[in-house]
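Working notes, beginning with the structure itself.
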Amino acid sequence: MHYYRYSTAEVSCCYKYLLFSYNIIFWLSGMVLLGIGLWAWSEKGILSDITKVTRLHGFDPVWLVLVVGVIMFTLGFAGCVGALRENICLLKFFCGAIVLIFFMELAAAVLAFLFQDWVRDRAKEFFENNIRAYRDDIDLQNLIDSLQKANHCCGALGPDDWDLNEYFNCTGENLSREKCGVPFSCCIADPAQTVVNTQCGYDVRNKSPSERATITYVKGCISALEAWLPRNIYIVAGAFLIISILQIFGIYLARTLMSDIEAVKAGFRF
């Protein structure tokens with residue numbers, strides 16, 4: 001039995017180690033995100049009592065960190081091992097997953113543009129649900145506070161949305177000191193203050209609209225985000241373009257490496 005191999009058929013070391021280097025970054029980043037997510041859950045006691053996950057009423061940002069971490073870790077692992085071991089199955093999985101993610105991103109962008117009213121309603125509903133759960137999870141609380149401070153907004157459509165929260169509503173049954181107030185992140189920052197006044201929003205919704213406007217932001221965060229997008233359209237488009245180029249580059253490397261491997265296998269004759 002004799003084996004023959006065409007001299008021109010060989011796996012390119014350049015593409016092989018480029019793909020490995022490309023994926024090792026995602027693999028390590030995925031491990032870091034997984035570590036951060038698990039540490040955050042450990043700090044909240046969820047790892048010791050996993051049933052706490054089902055008792056969270058709002059969106060837990062740790063979920064997003066974990067999901068992104070798992071995806072990056074899995075794809076990075078498949079790409080790294082597939083490149084080093086010249087494994088066609090792992091490379092096909094990596095390439096197919098990147099293609100799927102790319103078209104999902106493209107479809108989401110197109111649908112969001114075509115159905116803007118539906119997206120706005122879903123965003124409003126999502127924000128209101130998380131207003132209700134504001135005090136239930138520290139990570140969610142920090143996320144909402146950061147969003148309101150960064151965009152100079154308050155609530156989904158306005159400060160009165162905080163009536164949905166049991167600690168901030170104005171009902172007679174509410175005995176909280178925060179009754180008829182808003183979180184401190186709704187307050188207009190005073191440049192002269194070096195210490196954050198966490199009580200600046202107390203009783204603010206009992207004041208007149210003109211007086212309230214001097215203390216807190218009156219614009220809702222949905223409107224603020226809608227205004228932010230046109231102002232930063234080039235940044236958003238640039239970020240989407242960079243991500244797309246990176247994904248297409250990864251697909252190109254994987255496809256080229258698979259072609260080389262298949263060419264080498266085809267070069268053997270029994």
Side-chain angles (χ1 to χ4, degrees), residues 55-64 108-109 111-237 239:
R55 298 199 292 269
L56 295 175
H57 301 295
F59 170 70
D60 185 357
V62 178
W63 271 115
L64 181 61
L111 291 174
F113 177 76
L114 294 176
F115 301 100
Q116 295 181 29
D117 291 339
W118 183 87
V119 172
R120 188 179 192 277
D121 290 341
R122 298 291 77 74
K124 173 178 174 292
E125 182 181 335
F126 177 78
F127 204 104
E128 288 176 346
N129 287 338
N130 287 293
I131 283 176
R132 293 185 179 93
Y134 177 76
R135 291 297 189 202
D136 296 348
D137 182 76
I138 187 63
D139 292 322
L140 174 62
Q141 183 174 314
N142 290 334
L143 179 64
I144 293 175
D145 286 337
S146 298
L147 180 65
Q148 292 188 146
K149 284 190 290 186
N151 292 281
H152 297 172
C153 60
C154 187
L157 300 180
D160 288 333
D161 288 333
W162 284 97
D163 217 40
L164 297 169
N165 187 277
E166 62 180 335
Y167 297 98
F168 294 99
N169 67 50
C170 296
T171 60
E173 294 79 14
N174 184 10
L175 302 178
S176 169
R177 180 62 189 87
E178 296 175 310
K179 177 180 179 179
C180 277
V182 293
F184 74 94
S185 55
C186 285
C187 295
I188 299 172
D190 184 355
Q193 286 186 338
T194 57
V195 179
V196 177
N197 180 10
T198 57
Q199 300 180 0
C200 60
Y202 284 9
D203 304 316
V204 73
R205 288 190 292 121
N206 282 329
K207 302 180 185 298
S208 64
S210 58
E211 188 178 1
R212 185 193 304 183
T214 63
I215 302 172
T216 65
Y217 303 116
V218 295
K219 180 170 61 176
C221 288
I222 302 299
S223 300
L225 290 173
E226 286 178 331
W228 177 89
L229 187 58
R231 293 198 310 267
N232 298 273
I233 190 65
Y234 292 113
I235 296 175
V236 175

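Just so it is clear, the model here is predicted, and its values are computed rather than measured.
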* Asked: Tell me, which pairs form a disulfide (SG to SG under 2.5 Å) where one or both residues lie in residues 113-146, sequence neighbours left out?
  -> none
Working to the nearest 0.5 angstrom, can you tell me the gap between [X] [atom1] and [Y] [atom2]?
X      : Y      : atom1 : atom2 : answer
Glu128 : Asn165 : CD    : CG    : 12.5 Å
Ile222 : Phe126 : CD1   : CZ    : 10.0 Å
Lys179 : Asn206 : NZ    : CG    : 8.0 Å
Arg177 : Gln199 : CZ    : CD    : 7.0 Å

Minimum heavy-atom distance [X]-[Y], with the two atoms named:
X      : Y      : result
Ile131 : Ile144 : N-CD1, 4.4 Å
Cys154 : Cys221 : N-SG, 3.9 Å
Leu143 : Pro61  : CD2-CG, 3.9 Å

* To do: With sequence neighbours excluded, tell me which residues meet side chain to side chain donor-acceptor pair (under 3.5 Å) with Gln116.
  => none
Please check: side-chain N/O of [X] versus main-chain N/O of [Y], any donor-acceptor pairing under 3.5 Å?
X      : Y      : answer
Asp137 : Asp60  : no
Asp161 : Gly158 : yes
Gln141 : Asp136 : no
Asn174 : Asn169 : yes

* To do: Determine, stepwise, if the pair Tyr134 / Tyr167 fulfils side chain to side chain contact (heavy atoms under 4.5 Å, CB included).
  => CA-CA 9 Å; Tyr134 177 76; Tyr167 297 98; over 6 Å; no
* Start with the C-alpha distance between Cys180 and Cys170, add both sets of side-chain angles, then the distance that settles disulfide bond (SG atoms under 2.5 Å apart), and finish with yes or no. => CA-CA 5 Å; Cys180 277; Cys170 296; 2.0 Å; yes
* Which pairs pass ring-ring contact (aromatic ring centres under 6.0 Å, His included) with one or both residues in residues 173-192, sequence neighbours excluded? -> none
* Check ion pair Arg212-Asp160 (N to O, under 4.0 angstrom) -> yes
* Asked: Sulfur to sulfur, is the gap between Cys186 and Cys153 shorter than 2.5 Å?
  -> no
* Asked: Going through the checks in order, is the side chain to side chain contact (heavy atoms under 4.5 Å, CB included) test met by Phe127 and Leu147?
  -> CA-CA 11 Å; Phe127 204 104; Leu147 180 65; 3.2 Å; yes
* Residues in salt bridge (Lys or Arg N to Asp or Glu O under 4.0 Å) contact with Arg132, at least two apart in sequence or another chain -> none
* Residue pairs, two or more places apart or on separate chains, that pass side-chain hydrogen bond (donor to acceptor under 3.5 Å, both in side chains) and touch residues 214-230 -> Arg120-Glu226
* Should we count CG of Asp117 as having more than 12 external heavy atoms under 6.0 Å? -> no
* **Phe59 and Leu64, any side-chain heavy atoms less than 4.5 Å apart** => yes
* To do: Any chance you could lay out the side chain to side chain contact (heavy atoms under 4.5 Å, CB included) test for Arg205 and Phe168, step after step, and finish with the verdict?
  => CA-CA 10 Å; Arg205 288 190 292 121; Phe168 294 99; 4.1 Å; yes
* Where at least one partner belongs to residues 138-158, residue pairs that pass salt bridge (Lys or Arg N to Asp or Glu O under 4.0 Å), sequence neighbours excluded -> Lys44-Asp139
